[in-house]
> 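I'd like to ask some things about the structure below.
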Amino acid sequence: MDEKVTVDGLTFVPYITRDEIAAQVKRVADELRNDIKGKNPLFLCVLNGAFMFAADLIREVGINDAHINFVKYTSYEGTSSTGKVKEIMGLTEDIEGMDVVIVEDIVDTGLTASMMINDLKKRNPRSIRFVTLLHKPESSKTGFKPDYVAFTIPPKFIIGYGLDLDGKVRNLKDIYVIDEQD
Ligand code: 5GP
């Protein structure tokens, strides 16, 4: 793991290692597999941030009949939430009667999650489960609680493992947190 990462003049320090990520991905995948036993889920990966987590999680869950699709919303500019959620790429597939598993990178204010779930409920799925890699409960503006959480973290800005700073550093294999000394 690199010591520090500097991007756009901001410094980030190591926070969660790839081994810790893999262990929690396995734990969440085991719980989820157990809960959806006998069902044929539709995984909905929330782009862009969740692509890496979704790839690892879905492989770990290991259900060959599962469908995988993608939706895209945006709310962040730089290192803070704008408070407004925009749908950029919606779902085209019919989800009526399906067991939907939403895979998200971070729940921060909870606005994206709440909006997405309200929207999906109108399409009459049989069930909706919400999995997130990271949850910042102290930032919540909605009281939304994800069903599955790999890591609960304080309200600090993080990058890596799919999470960006203005489109960059999604490639990092570990998770980094903004350096408070900056
Ligand atoms: P919410 O709607 O819950 O406020 O925000 C969810 C979205 O904000 C996440 O999917 C993610 O794209 C972005 N976000 C929230 N916190 C962070 C963070 O610490 N780092 C990064 N890179 N994105 C974040």
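Just so you know, these numbers come straight off a predicted model, no measurement behind them. When a ligand or atom number is given, it counts from 1 through the structure's own listing order. We use all heavy atoms of the structure for the numbers below, so side chains are in, but hydrogens, waters and symmetry mates are not.
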> So between L163, T112, D105, N48, whose heavy atom ends up nearest atom 23 (N) of ligand 1?
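Nearest heavy atom to atom 23 (N) of ligand 1 lies in L163.
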> Can you sort out which atoms of ligand 1 are near I106, meaning under 4.0 Å from one of its heavy atoms?
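Every atom of ligand 1 under 4.0 Å from some heavy atom of I106: 6 (C), 9 (C), 10 (O), 15 (C), 16 (N), 17 (C), 18 (C), 19 (O).
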> Does the N or O separation between L165 and ligand 1 drop below 3.5 Å for any pair?
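No - when backbone and side-chain N and O of L165 are compared with those of ligand 1, no distance drops under 3.5 Å.
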> I'd like to check which ligand 1 atoms, numbered from 1 as shown, lie under 4.0 Å from a non-hydrogen atom of K136.
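Once the distances to K136 are compared, the set is 16 (N), 17 (C), 18 (C), 19 (O).
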> Tell me whether K141 reaches ligand 1 (any heavy atom closer than 4.0 angstrom to a ligand atom).
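False for this residue.
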> Is the closest basic N to carboxylate O distance between R27 and D30 below 4.0 Å?
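Between D30 and R27 there is no salt bridge, as every charged N stays at least 4.0 Å from the carboxylate O atoms.
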> Does the side-chain contact (heavy atoms from CB on, under 4.5 Å) test come out yes or no for L120 and L91, once each step is laid out?
CA-CA 9 Å; L120 291 175; L91 190 62; 4.1 Å; yes
> Could you list the atoms of ligand 1 found under 4.0 angstrom from a heavy atom of G110?
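Counting from 1, the qualifying ligand atoms are 1 (P), 3 (O), 4 (O).
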> Is it true that K156 lies under 4.0 Å from ligand 1, counting heavy atoms only?
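K156: in contact with ligand 1 (<4.0 Å).
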> Which of the atoms of ligand 1 are close to D164, meaning less than 4.0 Å from one of its heavy atoms?
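With D164 as reference, the close atoms of ligand 1 come out as 21 (C), 22 (N).
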> Taking only heavy atoms of E104 into account, list the atoms of ligand 1 that are under 4.0 Å away from them.
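Counting from 1, the qualifying ligand atoms are 10 (O).
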> Return yes if some donor-acceptor pair links the side-chain N/O of T142 with the main-chain N/O of T109 below 3.5 Å, else return no.
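Flag set: sc T142 to bb T109 pair under 3.5 Å.
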> Check this for me: does any side-chain nitrogen of one of D94 and R123 sit under 4.0 Å from a carboxylate oxygen of the other?
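Not counted as a salt bridge, because no side-chain N and carboxylate O are separated by less than 4.0 Å.
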> Could you tell me which residues satisfy side-chain hydrogen bond (donor to acceptor under 3.5 Å, both in side chains) with N34, sequence neighbours excluded, listed by chain and number?
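Partners of N34 under the side-chain hydrogen bond (donor to acceptor under 3.5 Å, both in side chains) test: K37.
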> Can you list every pair that meets salt bridge (Lys or Arg N to Asp or Glu O under 4.0 Å) and has a residue in residues 144-156, with sequence neighbours left out?
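Salt bridge (Lys or Arg N to Asp or Glu O under 4.0 Å) check on residues 144-156 returns K156-E180.
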> Flag yes if I21 and V13 sit in one hydrophobic cluster, no otherwise; membership is Ile, Leu, Val, Met, Phe, Trp, Tyr, and two members link when side-chain heavy atoms are under 4.5 Å apart.
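Yes, I21 connects to V13 through the hydrophobic network.
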> Give me the one residue out of I106, V107, L163, I153 that meets side chain to side chain contact (heavy atoms under 4.5 Å, CB included) with L133.
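Testing each of I106, V107, L163, I153 against L133, the sole residue satisfying side chain to side chain contact (heavy atoms under 4.5 Å, CB included) is L163.
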> Do any nitrogen or oxygen atoms of A113 come within less than 3.5 Å of a nitrogen or oxygen of ligand 1?
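For ligand 1, there is no N or O atom that lies under 3.5 Å from one belonging to A113.
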> Of I159, T142, T109, which has the heavy atom at the shortest distance from atom 4 (O) of ligand 1?
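The residue whose heavy atom sits nearest atom 4 (O) of ligand 1 is T109.
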